[in-house]
Engineer: 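One structure coming up, written as structure tokens, with questions to follow.
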Amino acid sequence: MIQLYNSLTRSKEDFVPLGDEVKMYVCGVTVYDDSHLGHALSSIIFDVLTRYLEYRDFKVRKVQNFTDVDDKIINRAAADDVPWEEITERYIESFYESIDGLNVRRANVEPRVTEDMPEIIALIQRLVDGGSAYEMNGSVYYRVRNKPDYGKLSGQNIDEMLGASGGDVESGKEDPADFALWKAVKPDEPKWDSPFGPGRPGWHIECSAMAFKHLGEQIDIHCGGLDLIFPHHENEIAQSESASGRTPFSSVWMHNGMLRIANGQEMSKSLGNAFNVKAALEEFSSDSIRLWILQSHYRTNPLLDKELIGAAERSMRRIRSAVEAENVESDDSLDASAYKRRFVEAMDDDLNTPQALAAIFDLCRKMNRARTDGKDVSGAAELVRELTGVLGFTLEAPPQKNEGLSDDDINALVAQRKEARADKRWGDADAVRDQLDAAGISISDAGDETTWSRD
RNA sequence: GGCGACGUGGCCAAGCGGUUAAGGCGGAGGUCUGCAAAACCUCUAUUCGGCGGUUCGAAUCCGCCCGUCGCCUCCA
């Protein structure tokens with residue numbers, strides 16, 4: 001039985017989907033800039049969740065949206081002096097490059113706010129008709145105090161929150177706690193026609209509308225970063241449940257932790273210290289980035305430190321070499337079933353990827369040992385591929401950097417060294433090895449055969 | 001002020017009431033090797049921020065203290 005931690009109940013619960021298909025909604029990105037490693041973290045974690053659910057024979061329908069109407073997009077367009085549509089196209093494209101580079105599988109449906117506008121407007125209308133929302137000067141606001149359990153996700157109390165934020169500035173609302181579902185048009189901003197007048201959707205309504213449209217009014221899992229709990233997810237719950245009259249909107253709420261920067265500062269776009277995914281992929285393999293992330297539990301706040309990603313790269317080499325080493329055919333084969341059990345047990349327990357990885361590392365060591373004992377480890381190697389696949393690893397060697405030496409150059413030098421070794425001119429042989437080493441090529445002798453690889 | 005998270009070996013990080021406190025990186029020694037690399041073996045926390053308490057028994061539960069951090073405003 002898979003157990004997942006539910007932010008709503010603050011406890012681990014047995015996972016039982018409502019229907020035949022797991023309905024999963026992931027709060028996607030606002031496309032106004034390149035993706036950073038915080039997005040990578042979130043994407044990888046929920047990618048692993050879908051892969052694991054499928055591994056455990058669930059059918060999953062995953063919806064992940066693009067927010068392509070937003071203040072930040074408008075600001076970015078103004079700063080770059082281009083139409084806002086150009087900004088969203090550019091960064092949707094960029095998002096795909098990043099996510100593909102990280103071997104994250106795409107969601108089944110990837111709706112955009114601009115494409116689901118009729119459903120968004122209809123949902124707002126429904127809230128107005130039901131008395132949960134009201135029009136005011138061309139805008140529409142959600143009436144927070146009409147929902148007695150408002151605050152149940154974040155544990156926030158409306159009055160205490162208002163006391164801290166120093167009162168609200170948006171005029172024309174019945175209550176400062178109310179939030180905008182529809183924003184009346186302002187000069188030079190994108191706008192759509194609606195029964196309430198021209199304008200654009202507020203921040204939270206899109207996710208409810210898209211979840212309703214593509215999944216239904218009650219879903220199984222809703223995912224996003226911890227930072228979205230308030231106000232975004234709190235408001236989504238309020239408006240969704242008010243509209244549908246059904247509780248809960250989502251059975252499970254899953255939230256990933258926030259990246260910590262090595263110097264102790266939290267990741268924040270406003271600090272301008274985001275670590276670009278595409279830049280990271282030039283320096284590190286997707287496997288090493290993934291391992292670095294999955295070696296911490298998804299609800300903790302992993303440390304972003306290049307040293308740690310580098311260490312993960314070395315760890316990946318251990319797994320790859322254990323899987324790729326030549327197998328000895330034998331009747332005596334290694335039984336790896338206990339490791340599979342350990343993996344499943346760990347993953348069942350709220351996606352305990354650090355423990356799942358520990359099982360894989362232990363298995364790799366066991367394989368290397370069994371191999372020297374003359375055992376057949378092909379079945380075990382297959383299992384490692386299977387389990388690492390569930391975690392989204394490719395097991396591909398990192399992209400090789402061109403250090404100025406061509407393969408022919410290297411082969412010539414290796415041949416030269418082989419000759420020197422045959423003559424027992426060890427000094428000459430080692431000089432060649434040093435030369436290759438300086439160029440980032442490491443070599444390894446196995447009997448007469450010498451193999452080389454780029455670092 | 002309100003809501004919440006966390007402090008485990010040199011570093012990262014599991015464990016959340018009871019066998020020898022996972023795993024990775026790093027380090028030391030060894031086997032193998034002409035020497036290396038890789039791999040394997042051994043070692044690298046009698047101890048889990050501090051002080052009390054509950055318990056037959058606590059890293060794990062409770063209280064206090066110290067220290068980091070997140071959210072309450074746009075953010076995965």
Side-chain angles (χ1 to χ4, degrees), chain A residues 7 10 26-30 32-33 35-46 67 70-72 75 151 153-157 159-166 168-169 203 223-232 234 255-260 264-271 274 291-292 294-297 299-303 305 307-319 321-322 325 342 346 349 352-362 364-365 367-373 421 424-427 429-430 433-434 437 442-447 450-453:
Chain A
S7 302
R10 300 177 193 223
V26 180
C27 271
V29 291
T30 300
Y32 70 100
D33 205 348
S35 301
H36 60 234
L37 283 173
H39 299 120
L41 168 75
S42 189
S43 302
I44 287 170
I45 285 164
F46 297 122
T67 297
D70 180 84
D71 288 342
K72 293 190 293 291
N75 294 340
L153 178 67
S154 60
Q156 296 285 350
N157 170 290
D159 294 306
E160 280 166 356
M161 281 187 302
L162 291 178
S165 58
D168 195 82
V169 288
W203 177 32
C223 309
L226 264 172
D227 52 346
L228 293 179
I229 288 179
F230 191 88
H232 187 57
E234 195 69 72
H255 296 281
N256 62 268
M258 301 287 104
L259 225 43
R260 266 179 307 149
Q265 287 219 299
E266 285 296 323
M267 184 70 149
S268 160
K269 283 177 194 170
S270 57
L271 293 176
L291 181 62
W292 157 65
L294 297 180
Q295 273 189 311
S296 299
H297 184 82
R299 280 191 286 114
T300 62
N301 303 324
L303 232 203
D305 182 340
E307 295 295 317
L308 294 174
I309 307 179
E313 192 83 82
R314 293 189 285 279
S315 305
M316 282 315 301
R317 279 211 281 266
R318 270 172 58 77
I319 297 177
S321 79
R342 260 177 74 187
D349 183 16
N352 193 329
T353 53
Q355 292 226 313
L357 284 163
I360 291 173
F361 280 112
D362 281 345
C364 287
R365 171 171 288 110
M367 281 167 61
N368 288 329
R369 210 179 321 173
R371 191 156 16 220
T372 53
D373 292 343
R421 292 183 71 217
K424 298 200 191 310
R425 287 183 281 113
W426 306 125
D430 291 349
R433 184 167 60 199
D434 290 346
D437 195 56
S442 50
I443 61 175
S444 151
D445 301 320
T450 296
T451 55
W452 59 267
S453 63

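Every chain is numbered from 1, with letters handed out A, B, ... down the list of sequences.
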Engineer: Using the side-chain heavy atoms of A:Pro354, tell me which of these nucleotides is nearest: B:rA22, B:rA76, B:rA36.
Structural biologist: B:rA22
Engineer: Which nucleotide sits closest to the side chain of A:His36: B:rG34, B:rA76, B:rG2?
Structural biologist: B:rA76
Engineer: B:rG4, B:rA76, B:rC72: which one has an atom nearest the side-chain heavy atoms of A:Phe230?
Structural biologist: B:rC72
Engineer: Scan A:Leu226 against the nucleic acid and name what it touches under 4.0 Å (heavy atoms): base, sugar-phosphate only, or nothing.
Structural biologist: nothing
Engineer: If you only use heavy atoms from C-beta on, which nucleotide in B:rC25, B:rG24, B:rA76 is closest to the side chain of A:Phe361?
Structural biologist: B:rG24
Engineer: Are A:Thr300 and B:rA14 close enough that a side-chain N or O sits under 4.0 Å from OP1 or OP2?
Structural biologist: yes
Engineer: Return no unless some side-chain N or O of A:Arg260 is found under 4.0 Å from OP1 or OP2 of B:rA13.
Structural biologist: yes
Engineer: Could you work out the separation of B:rU8 and B:rC69 based on their P atoms and round it to a whole Å?
Structural biologist: 15 Å
Engineer: How far does the P atom of B:rC65 sit from the matching atom of B:rG15, given to the nearest Å?
Structural biologist: 28 Å
Engineer: Classify A:Ile45 by what it touches in the nucleic acid, base, sugar-phosphate, or nothing, heavy-atom distance under 4.0 Å.
Structural biologist: nothing
Engineer: Return the nucleotide paired to B:rU73: Watson-Crick means purine N1 to pyrimidine N3 with N6-O4 or O6-N4, wobble means G-U with N1-O2 and O6-N3, both under 3.5 Å.
Structural biologist: none
Engineer: Nearest to the side chain of A:Gln295 - B:rG24, B:rC35, B:rC74?
Structural biologist: B:rG24
Engineer: In whole Å, measure the gap between the P atoms of B:rU44 and B:rG23 for me.
Structural biologist: 13 Å
Engineer: Looking at B:rG34, which nucleotide sits across from it as a Watson-Crick or G-U wobble partner, both distances under 3.5 angstrom, or is there none?
Structural biologist: none
Engineer: When the P atoms of B:rA22 and B:rA59 are considered, how many whole Å apart are they?
Structural biologist: 14 Å
Engineer: Given B:rG4, is OP1 or OP2 found less than 4.0 Å from the side-chain N or O atoms of A:Arg10?
Structural biologist: yes
Engineer: Could you work out the separation of B:rC61 and B:rC3 based on their C1' atoms and round it to a whole Å?
Structural biologist: 23 Å
Engineer: Of A:Ala446 and A:Thr372, whose closest RNA chain B nucleotide lies nearer the 5' terminus?
Structural biologist: A:Ala446
Engineer: Could you give the distance separating B:rU68 and B:rG52 at their P atoms, to the nearest angstrom?
Structural biologist: 23 Å
Engineer: Where the side chain of A:Arg342 is defined as all heavy atoms beyond and including C-beta, which of B:rA76, B:rA22, B:rC35 is the nearest nucleotide?
Structural biologist: B:rA22
Engineer: Report which part of the nucleic acid A:Asp362 touches: base, sugar-phosphate, or nothing (heavy-atom distance under 4.0 Å, all strands).
Structural biologist: sugar-phosphate
Engineer: Using both distances under 3.5 Å as the test, list the Watson-Crick or G-U wobble partner of B:rG17, or none.
Structural biologist: none
Engineer: Considering only side-chain heavy atoms of A:Leu308, which listed nucleotide, B:rA76, B:rC12, B:rA39, is closest?
Structural biologist: B:rC12
Engineer: With rounding to the nearest 0.5 angstrom, report the NE2 to OG1 distance, A:His39 to A:Thr30.
Structural biologist: 7.5 Å
Engineer: Toward the 5' end of RNA chain B, which comes first, A:Phe46 or A:Ala429, by nearest nucleotide?
Structural biologist: A:Ala429
Engineer: Nearest to the side chain of A:Ser296, heavy atoms from C-beta on, is which of B:rG23, B:rA14, B:rG24?
Structural biologist: B:rA14
Engineer: Test for a donor-acceptor pair under 3.5 Å between the base of B:rG15 and the side chain of A:Asn352, counting only N and O atoms.
Structural biologist: no
Engineer: For B:rG7, what is the paired nucleotide under Watson-Crick or G-U wobble rules, both distances under 3.5 Å?
Structural biologist: B:rC66
Engineer: Remember a base hit wins even if backbone is also touched, and classify A:Gly28 as base, sugar-phosphate or nothing at under 4.0 Å, heavy atoms.
Structural biologist: sugar-phosphate
Engineer: Kindly say if A:Asn256 contacts the phosphate of B:rA76, meaning a side-chain N or O under 4.0 Å from OP1 or OP2.
Structural biologist: no
Engineer: Look at the side chain of A:Arg433 and decide which nucleotide, out of B:rC12, B:rG34, B:rA76, has an atom nearest to it.
Structural biologist: B:rG34
Engineer: Given B:rA36, B:rA76, B:rC40, which nucleotide is nearest the side-chain atoms of A:Ser444?
Structural biologist: B:rA36
Engineer: Is A:Ala358 touching bases, backbone alone, or none of the nucleic acid, heavy atoms closer than 4.0 Å?
Structural biologist: base
Engineer: At less than 3.5 Å, do the side-chain atoms of A:Asp305 and the base atoms of B:rC25 form a donor-acceptor pair?
Structural biologist: no
Engineer: Report which part of the nucleic acid A:His255 touches: base, sugar-phosphate, or nothing (heavy-atom distance under 4.0 Å, all strands).
Structural biologist: nothing
Engineer: Dump the pairs, protein N or O against N or O of nucleotides 41-45 of chain B, anything under 3.5 Å, distances to one decimal.
Structural biologist:
residue, atom, partner, partner atom, Å
B:rC41, OP1, A:Arg369, NE, 3.0
B:rC41, OP1, A:Arg369, NH2, 2.9
B:rC41, OP2, A:Arg365, NE, 3.2

Engineer: For B:rG17 versus B:rA28, give the span between their C1' atoms, rounded off to a whole number of Å.
Structural biologist: 36 Å
Engineer: If I pick the P atom on B:rC66 and the same atom on B:rC51, what distance separates them, to the nearest angstrom?
Structural biologist: 15 Å
Engineer: Should B:rC43 form a Watson-Crick or G-U wobble pair with both distances under 3.5 Å, which nucleotide is its partner?
Structural biologist: B:rG27
Engineer: Counting just side-chain N and O atoms, does A:Arg318 come under 4.0 Å of either OP1 or OP2 of B:rC40?
Structural biologist: yes
